[in-house]
Amino acid sequence: MPVMDGITVCRTIKGDPATRLVPVVLITAASDRETRLRGLEAGADDFLTKPFDGTELLVRTRVLLRDRALNKRLDATETVLLAVGRAVEARDRYTIDHAERVGRYARELGRLVGLDAEAAEWVYMGGVLHDVGKIAIRDAILLKDGPLDDAEWATMRTHPTEGERICQPLRSTSPVLPTIRHHHERFDGTGYPDRLAGESIPLSARLVAIADSWDAMTSNRVYRPSLGEAEARRRMEQGAGTQWDGALVQRYLRLVDSGRLTELREP
Ligand SMILES: [Fe+2]
Ligand SMILES: [Fe+2]
């Protein structure tokens with residue numbers, strides 16, 4: 001390899017958090033023990049001896065890709081725990097239960113509208129992490145006992161982008177970033193941070209927006225008690241097509257009617 005040798009390539013890939021889960025197979029000469037040891041040190045996942053067999057390469061690649069899928073999941077779980085851990089540190093239990101319920105409600109709705117298992121899990125994770133950016137908002141604003149002024153609202157509205165920023169370095173959770181960033185967009189295009197409208201809002205964010213609002217309306221909050229299910233339903237119907245995706249709201253309310261949501265509330 002003329003510009004960079006294989007070991008250096010391997011070390012570069014494994015040293016960058018964004019690519020460290022990419023499997024690396026080094027192809028070496030059988031006698032080259034020294035290179036193999038250096039390869040191991042550089043983080044290589046597997047070795048093949050020259051001349052190598054095409055079928056063997058294929059089989060080993062499959063195994064590595066399967067492991068990689070697993071690693072990605074483990075890494076993601078770890079990340080969620082970390083983020084939730086930070087949230088616990090900074091906030092009360094109420095927020096954590098809320099985040100967890102939003103994840104469960106959004107995942108269920110996602111499944112109902114045809115997401116496959118993996119996509120539904122990402123929706124769940126996005127739901128759990130949707131407000132993680134609130135960690136960056138001062139208590140004086142976040143827990144304020146009264147209406148926020150304009151400047152305080154402006155600060156409050158940074159939480160989706162703050163959340164995205166916090167989770168960005170963790171490459172394995174990249175599928176949740178759009179959910180975090182866009183969970184306060186509105187279907188009519190008047191939300192934030194990007195004023196996206198309609199189906200240009202990522203589906204995961206449209207799902208989480210519904211689950212988030214529903215849980216906020218049906219839970220006791222710092223500043224007011226639960227509105228009750230009937231009132232929450234009325235507001236949801238009213239906001240279908242403007243605040244939220246109307247078709248998803250219809251589907252969601254059927255989920256409420258079926259009693260499934262109550263089951264998911266305290267599983
Ligand atoms: Fe939020
Ligand atoms: Fe929320």
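Just so you know, these numbers come straight off a predicted model, no measurement behind them. Counting starts at 1 for both ligands and their atoms, in listed order.
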> Do Met217 and Arg235 touch side chain to side chain, with heavy atoms closer than 4.5 Å?
yes
> Please name the atom of Asp212, limited to N, O or S, that comes nearest to the Fe ion (ligand 2).
OD1
> Do you know which of Leu207, Asp212, Ile201 makes side chain to side chain contact (heavy atoms under 4.5 Å, CB included) with His183?
Asp212
> So does Asp215 have any N/O/S atom less than 2.8 Å away from the Fe ion (ligand 2)?
no
> Can you tell me if CG on Asp53 sees more than 12 non-hydrogen neighbours from other groups inside 6.0 Å?
yes
> Can you name the N/O/S atom of Asp131 that is nearest the Fe ion (ligand 1)?
OD1
> Taking the side chain as every heavy atom from C-beta outward, state whether Trp244 and Arg206 have any pair of such atoms under 4.5 Å apart.
no
> Using the Fe ion (ligand 2) as the vertex, how large is the angle between NE2 of His130 and NE2 of His98, rounded to 10 degrees?
100°
> Strictly under 2.8 Å, is the Fe ion (ligand 1) approached by any N, O or S atom of His183?
yes
> Report the distance from atom NE2 of His130 to atom OG1 of Thr179, rounding to the nearest 0.5 Å.
11.0 Å
